[in-house]
S.K.: 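Mind having a look at this structure? Questions to follow.
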Amino acid sequence: MWFKNLRMDIRAAKENDPAARNGFEILLTYAGVHALSWHRVAHFLQKIHLKLLARIVSQLARFFTGIEIHPSAKIEGGVFIDHGMGVVIGETAEVRTGTVIYQGVTLGGTGKEKGKRHPTIMENVVLSAGAKVLGGFTVGRNAKIGAGAVVLKEVPPYATVVGVPGRVVRIRTPEGEDEPHHSMVKTLAINHELHHEE
């Protein structure tokens, strides 16, 4: 399973990074691939209750890659962490196949609450540089989170979220067509009314 996930991670890097030349180079030089590989070792140790050893492995990975992933986080194969410096993935976070994570992304919580307090990132989500996704909610598949956005509530599939706090500005259909979000429609209507009042 470890090798299968590693192959999926390398394939994801090749598909998402135009600078990637071949799998051997990715294996040797990509910090995101290294961090995910170390994490899967730490996650296994966590599952067999060697929790101190798991934390040591995760901290070693953080030292060498600049990427901090809690040993309990669940990350599927085929995730791509690009550059990755400053990425933090919390204890109860879940990340599904096809997700792309850029530098400075945080998948965190909002306090000291118990239970599921970190987000679930569904398939093929893009988390742009500096995005903060905070809380135990779900980011739907194929969503895009803009650079620097702070997301505090659930994101529907195929949505684009920007801003602080994050707001949905567009929802694409599965066929790739744009479907303006209701808040955008409302804003356009207000602007139209103001224009006519002038």
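A quick note: this is a predicted structure, and the numbers were derived from the prediction, not measured.
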S.K.: Got a donor-acceptor contact below 3.5 angstrom from the Thr160 side chain to the Val169 backbone?
M.R.: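 Judged by distance alone, no pair lies under 3.5 Å.
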
S.K.: In Å, rounded to the nearest 0.5 Å, how long is the span from NZ of Lys47 to NZ of Lys74?
M.R.: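 Lys47 NZ to Lys74 NZ: 8.5 Å, rounded to 0.5 Å.
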
S.K.: For Asn16 and Asp82, what are the C-alpha separation, side-chain angles and deciding distance, and is it a side-chain contact (heavy atoms from CB on, under 4.5 Å)?
M.R.: CA-CA 9 Å; Asn16 289 288; Asp82 193 11; over 6 Å; no

S.K.: For residues Asp17 and Tyr30, report the shortest heavy-atom separation together with the two atoms involved.
M.R.: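 Smallest interatomic distance, heavy atoms only, reads OD2-OH, 2.8 Å.
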
S.K.: Looking at side-chain heavy atoms only, is the closest gap between Thr99 and Leu127 below 4.5 Å?
M.R.: yes

S.K.: Is there side-chain contact between Lys144 and Val126, with heavy atoms separated by less than 4.5 Å?
M.R.: yes

S.K.: Please examine the side chains of His70 and Ile89, heavy atoms only from C-beta on, and report whether any two atoms are closer than 4.5 Å.
M.R.: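 In short, these two side chains do not touch, never coming nearer than 4.5 Å.
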
S.K.: Could you tell me the separation between the CG atom of Leu6 and the CZ atom of Arg11, rounded to the nearest 0.5 Å?
M.R.: 10.5 Å

S.K.: For the pair Thr92 (side chain) and Arg117 (backbone), establish whether a donor and an acceptor sit closer than 3.5 Å, ignoring hydrogens and angles.
M.R.: yes

S.K.: Under a 4.0 Å threshold between the charged nitrogen and the carboxylate oxygen, would Glu68 count as salt-bridged to Arg62?
M.R.: yes

S.K.: With distance as the sole test, does Thr65 use its side chain to make a donor-acceptor pair with the main-chain N or O of Ile67 at under 3.5 Å?
M.R.: yes

S.K.: Before you tell me yes or no, could you show the steps for Phe137 and Val151 under side-chain contact (heavy atoms from CB on, under 4.5 Å), namely the whole-Å CA-CA distance, both residues' side-chain angles and the distance that decides it to 0.1 Å?
M.R.: CA-CA 10 Å; Phe137 52 82; Val151 184; 4.0 Å; yes

S.K.: Considering all heavy atoms of both residues, which atom of Val168 and which atom of Pro156 are nearest to each other, and what is their separation?
M.R.: CG2-CD, 4.1 Å

S.K.: Minimum heavy-atom separation for Pro157 and Ile171, please, with both atom names.
M.R.: O-CG2, 3.9 Å

S.K.: Is a side-chain N or O of His39 found less than 3.5 angstrom from the main chain of Val57, in a donor-acceptor match?
M.R.: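 Looks like no, no N/O pair under 3.5 Å.
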
S.K.: Hey, is the main chain of Met85 close enough, under 3.5 Å, to the side chain of His83 for a donor-acceptor pair?
M.R.: no

S.K.: Quick one: does Val88's side chain get under 4.5 Å of Ile69's, heavy atoms only?
M.R.: no

S.K.: Using modelled atom types only, decide if a donor and an acceptor are shared between the side chain of Trp38 and the backbone of Ser58 within a distance under 3.5 Å.
M.R.: no

S.K.: Do you reckon Val79 sits in the same ILVMFWY cluster as Met1, going by side-chain contacts under 4.5 Å, direct or chained?
M.R.: no

S.K.: Whether the side chain of Lys153 engages the backbone of Arg167 through a donor-acceptor N/O pair (distance < 3.5 Å, no angle test) should be reported.
M.R.: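 Flag not set: sc Lys153 to bb Arg167 has no pair under 3.5 Å.
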
S.K.: Any heavy-atom pair between the side chains of Ser128 and Ile145 that's under 4.5 Å?
M.R.: no

S.K.: Hey, could you give me the CZ/CD1 distance between Arg141 and Ile121, rounded to the nearest 0.5 Å?
M.R.: 14.5 Å

S.K.: State yes or no: do Leu36 and Phe64 share one hydrophobic cluster built from I, L, V, M, F, W and Y residues joined by side-chain heavy-atom distances below 4.5 Å, directly or via other members?
M.R.: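 Each belongs to a different hydrophobic cluster.
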
S.K.: How many angstroms lie between OH in Tyr158 and CG in Asn142, if you round to the nearest 0.5 Å?
M.R.: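 Between atom OH of Tyr158 and atom CG of Asn142 there are 4.0 Å.
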
S.K.: Is Glu94 salt-bridged to Lys116, cutoff N-O under 4.0 Å?
M.R.: yes

S.K.: Would Leu134 end up clustered with Val162 when hydrophobic side chains under 4.5 Å apart are linked, directly or stepwise?
M.R.: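 Hydrophobic grouping puts Leu134 apart from Val162.
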
S.K.: Just so I know, are the side chains of Thr106 and Val133 near enough to count as touching, which here means a heavy-atom distance under 4.5 Å?
M.R.: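 Of all side-chain heavy-atom pairs linking Val133 with Thr106, none is under 4.5 Å.
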
S.K.: Please report the C-alpha distance between Met8 and Glu76 in whole Å, then the side-chain angles of each, then the deciding distance to 0.1 Å, and finally whether the side-chain contact (heavy atoms from CB on, under 4.5 Å) criterion is met.
M.R.: CA-CA 9 Å; Met8 291 175 70; Glu76 295 183 352; over 6 Å; no

S.K.: Can you name the nearest heavy-atom pair linking Ala20 to Ala13, along with the distance?
M.R.: CB-O, 4.0 Å

S.K.: Please tell me whether Val125 and Val161 are part of a single hydrophobic cluster in this structure, the criterion being side-chain heavy atoms less than 4.5 Å apart.
M.R.: yes

S.K.: Go through Thr138 and Val155 one step at a time and tell me if the side-chain contact (heavy atoms from CB on, under 4.5 Å) criterion holds.
M.R.: CA-CA 7 Å; Thr138 298; Val155 176; over 6 Å; no

S.K.: Is His43 reaching over with its side chain to a backbone N or O of Pro71, donor-acceptor style, under 3.5 angstrom?
M.R.: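 Yes; judged by distance alone, with no hydrogens or angles, the pair exists.
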
S.K.: Could you state the interatomic distance from OG1 (Thr120) to CD (Glu154), rounded to the nearest 0.5 Å?
M.R.: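 Rounded to the nearest 0.5 Å, the OG1-CD separation comes out at 9.0 Å.
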
S.K.: Find the distance between CD1 (Ile75) and CD1 (Ile101) and round it off to the nearest 0.5 Å.
M.R.: 6.5 Å

S.K.: Minimum heavy-atom separation for Ala12 to Gly78, with atom names?
M.R.: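 Closest pair (atom of Ala12, atom of Gly78, distance): CB-O, 3.6 Å.
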
S.K.: Do Glu123 and Thr97 have a side chain donor and acceptor closer than 3.5 Å?
M.R.: no

S.K.: Is the shortest side-chain N to carboxylate O distance from Asp9 to Arg40 below 4.0 Å?
M.R.: yes

S.K.: Can you get from Leu50 to Leu52 by hopping between Ile, Leu, Val, Met, Phe, Trp and Tyr side chains that sit under 4.5 Å apart?
M.R.: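 Yes; Leu52 is reachable from Leu50 via cluster members.
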
